[in-house]
2 protein chains.
Amino acid sequence: MATTEVPDIVIGRLPIYLRALTLMDEAGQEFTSSQELGQKLGIGSAQIRKDLSHFGEFGKQGTGYEIKYLREQISKILHVDRDWSVALVGFGDLGQAIANYAGFANEGFHIQAIFENDSTKIGQKVNDQVVVEDITGLSERITQQKIKIAIVAVPAPVAQEVADKLVDAGVKAILSYAPITLSIPDTVRVQYIDPVTHMQRMTYYLD
Amino acid sequence: MATTEVPDIVIGRLPIYLRALTLMDEAGQEFTSSQELGQKLGIGSAQIRKDLSHFGEFGKQGTGYEIKYLREQISKILHVDRDWSVALVGFGDLGQAIANYAGFANEGFHIQAIFENDSTKIGQKVNDQVVVEDITGLSERITQQKIKIAIVAVPAPVAQEVADKLVDAGVKAILSYAPITLSIPDTVRVQYIDPVTHMQRMTYYLD
DNA sequence: TAGATTGTTAATCGATTAACAATC
DNA sequence: TAGATTGTTAATCGATTAACAATC
């Protein structure tokens, strides 16, 4: 089927499918079905089949999906069948935890540049490879290295300013840990991580 | 209006509204409108009015919403007009960053118990108040302190096991940083934070 | 073949949006 | 009063789900 603009909500589920498939693969499992996958994820089997149908046919009647194959296909669809260079802005507690987090590198997201404005942190070497740079050199470095993805881990009051610089430098995707809604041209993707909003979404149901 | 089961997607937007209102309040602003709020958040004004209408009438024709008042009301709706005790399981890099993160306490989420299984970390004092405990004492301690919210910051392979213990101990809301979908009774709320899935959701749009 | 499961269609369900009377 | 903005209704839009022919 041709690409008739796949809904973003579908794109949002693909990484979840991918994660589950990777787990099954690592467990040595070879095949799965939309039913089994849905069961594990708390999602209807019809939804999984519908989601996948936006991109092609990946299964076989009677036997379901070959895990390795489907995994590869979803990786390609999401463009994660390659390595990505990532810039990290902010090297406080949070930034440091992010820089040390192995999960990114494992999935091909490599932090290749780190920026800070606290002079005591500049020059520090992280993981024996990346040196913390002064934030004033952000635009030049990002443009030069053609980095397209950035992580924002600075305090809320400066996050918008940082985002503006990133956009100017050509960044096309921002993962922001700052608890504010950024104003960003719609040619640039943004995703937010704010643990507090997640908490507040749950307390509604508690008494 | 009576509560005819408010959609969860609406509940999910309330913390965002609350965050924006807090920001405006701190900036000294007194009134806002659904239009202004929507503009700042990239959401339609009709949607904001519709969302709020599930809970009552909070504005005035012609002038809009008094920020302090609306903020208070949303806080009450979300049950964040109080303090919450939180248990943290896992005190590795991520757990430590979470324990040090001021954002939780600022919003009334206080980490009152921390559990680990690495004996070298047990007994350590965090922020001059909470002592890292052996995970074997988890059930007793959580039951005893009647803690209803927990943060899971353990490696994926043990996350399900930890979640089961938390549920047994009476926890009703789990914020999980483990990159797996947990199997949890639907009497317990779960929210996930997985930065990698957010990244993968964006790379789809990059080339 | 008999059983299982796909991909897809059509029906249902739910959420968003536009429009406007009410009213501050 | 004139202008602005609410809360709500109805229309639209989009997503989920059920059902099933196709087929491995």
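These figures come from a predicted structure and were not determined experimentally. Order of the sequence lines sets the chain letters (A, B, ...), proteins ahead of strands, with each chain counted from 1.
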Participant: Could you check B:I67 against B:E30 for side-chain contact (heavy atoms from CB on, under 4.5 Å), going step by step and ending with a plain yes or no?
Facilitator: CA-CA 5 Å; B:I67 290 172; B:E30 287 195 44; 5.8 Å; no
Participant: In whole Å, I'd like the distance from the CG atom of A:L52 to the P atom of C:dT8.
Facilitator: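 These atoms are roughly 11 Å apart.
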Participant: Whole-Å distance between C:dA15 C1' and B:K50 NZ?
Facilitator: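 Rounded to whole Å, this separation is 8 Å.
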Participant: What is the separation between atom CG on B:L37 and atom P on D:dA4, rounded to the nearest whole Å?
Facilitator: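 Going from B:L37 (CG) to D:dA4 (P), I get 20 Å.
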Participant: Taking only the side-chain heavy atoms of B:P7 (C-beta and beyond), determine which of C:dT16, C:dT17, C:dA15 contains the nearest atom.
Facilitator: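 Within the option list, the nearest is C:dA15.
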Participant: For the residue pair A:F104 and A:F109, categorise the inter-ring angle as parallel (less than 30°), tilted (30 to 60°) or perpendicular (more than 60°).
Facilitator: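 Rings of A:F104 and A:F109: perpendicular, as their planes differ by over 60°.
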Participant: More 5' along DNA chain C: A:S33 or B:G62, using each one's nearest nucleotide?
Facilitator: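 Looking at DNA chain C, the more 5' nearest nucleotide goes with A:S33.
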Participant: Please report the distance, rounded to the nearest Å, between CG in B:L70 and P in D:dG7.
Facilitator: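 It works out to 9 Å between those atoms.
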Participant: Grab the CD-P distance between A:Q39 and C:dA4 for me, whole Å please.
Facilitator: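 Rounded to the whole Å, the gap is 16 Å.
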Participant: Over how many whole Å does the gap from A:Q61 atom CD to C:dT8 atom C1' extend?
Facilitator: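 Those two atoms, CD and C1', are 11 Å apart.
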Participant: Of the candidate nucleotides D:dT16, C:dC24, D:dA15, which contains the atom at the shortest distance from the side chain of B:K60?
Facilitator: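 Ranking D:dT16, C:dC24, D:dA15 by closest atom to the B:K60 side chain puts C:dC24 first.
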Participant: Would you say A:R49 places a side-chain N or O within less than 4.0 Å of OP1 or OP2 belonging to C:dG7?
Facilitator: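 No, A:R49 has no side-chain N/O under 4.0 Å of OP1/OP2 on C:dG7.
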Participant: For C:dG14, give its Watson-Crick or G-U wobble partner with both distances under 3.5 Å, or none.
Facilitator: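 Paired with D:dC13.
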Participant: Report which part of the nucleic acid A:G44 touches: base, sugar-phosphate, or nothing (heavy-atom distance under 4.0 Å, all strands).
Facilitator: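 Here A:G44 touches no strand at all.
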Participant: What's the closest nucleotide to the side chain of B:E57 if the choices are D:dG7, C:dT8, C:dT17?
Facilitator: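 The nucleotide sitting nearest to the side chain is D:dG7.
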Participant: Does B:Q47 place a side-chain N or O at less than 4.0 Å from the phosphate oxygens OP1/OP2 of C:dT16?
Facilitator: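 Answer yes for this pair, as a side-chain N or O of B:Q47 is under 4.0 Å from OP1 or OP2.
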Participant: State the pairing partner of C:dC24; accept Watson-Crick or G-U wobble contacts with both distances under 3.5 Å, and report none otherwise.
Facilitator: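 Paired with C:dC24, as far as the under-3.5 Å criterion goes, is D:dG3.
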Participant: Flag the pair A:R201 and A:D194 as a salt bridge only when some basic side-chain nitrogen lies within less than 4.0 angstrom of an acidic carboxylate oxygen.
Facilitator: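 Looking at A:R201 and A:D194, the cut-off is not met.
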Participant: Output the rounded distance in Å from CG (A:D51) to P (D:dG14).
Facilitator: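 In whole Å, D:dG14 P lies 17 Å from A:D51 CG.
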Participant: Determine, stepwise, if the pair A:E133 / A:I114 fulfils side-chain contact (heavy atoms from CB on, under 4.5 Å).
Facilitator: CA-CA 6 Å; A:E133 295 174 59; A:I114 303 179; over 6 Å; no
Participant: For D:dT8, which nucleotide is its Watson-Crick or G-U wobble mate, given both distances must be under 3.5 Å?
Facilitator: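 Its partner is C:dA19 (Watson-Crick or G-U wobble, both distances under 3.5 Å).
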Participant: Here's a test of your reading of the structure: between A:R13 and A:T63, which maps to the more 5' nucleotide of DNA chain D?
Facilitator: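 Here A:R13 is the residue nearer the 5' end.
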Participant: Nearest whole angstrom, please: distance from the P of C:dA15 to the CD1 of B:I48.
Facilitator: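 The answer, rounded to whole Å, is 17 Å.
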Participant: Identify whether the distance between the nearest side-chain nitrogen and carboxylate oxygen of A:D81 and A:K76 falls below 4.0 Å.
Facilitator: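 Salt bridge: no.
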Participant: If the threshold is 4.0 Å, N to carboxylate O, is there a salt bridge linking A:R141 and A:D134?
Facilitator: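 No, no charged N to carboxylate O under 4.0 Å.
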Participant: Checking all strands, does B:S34 fall into the base, sugar-phosphate, or nothing category for heavy-atom contacts under 4.0 angstrom?
Facilitator: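 Sugar-phosphate: the residue B:S34, judged by heavy atoms under 4.0 Å, touches backbone atoms but no base.
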Participant: At less than 4.0 Å, is any side-chain N or O atom of B:Y65 found next to OP1 or OP2 of D:dA4? Yes or no.
Facilitator: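 No, B:Y65 has no side-chain N/O under 4.0 Å of OP1/OP2 on D:dA4.
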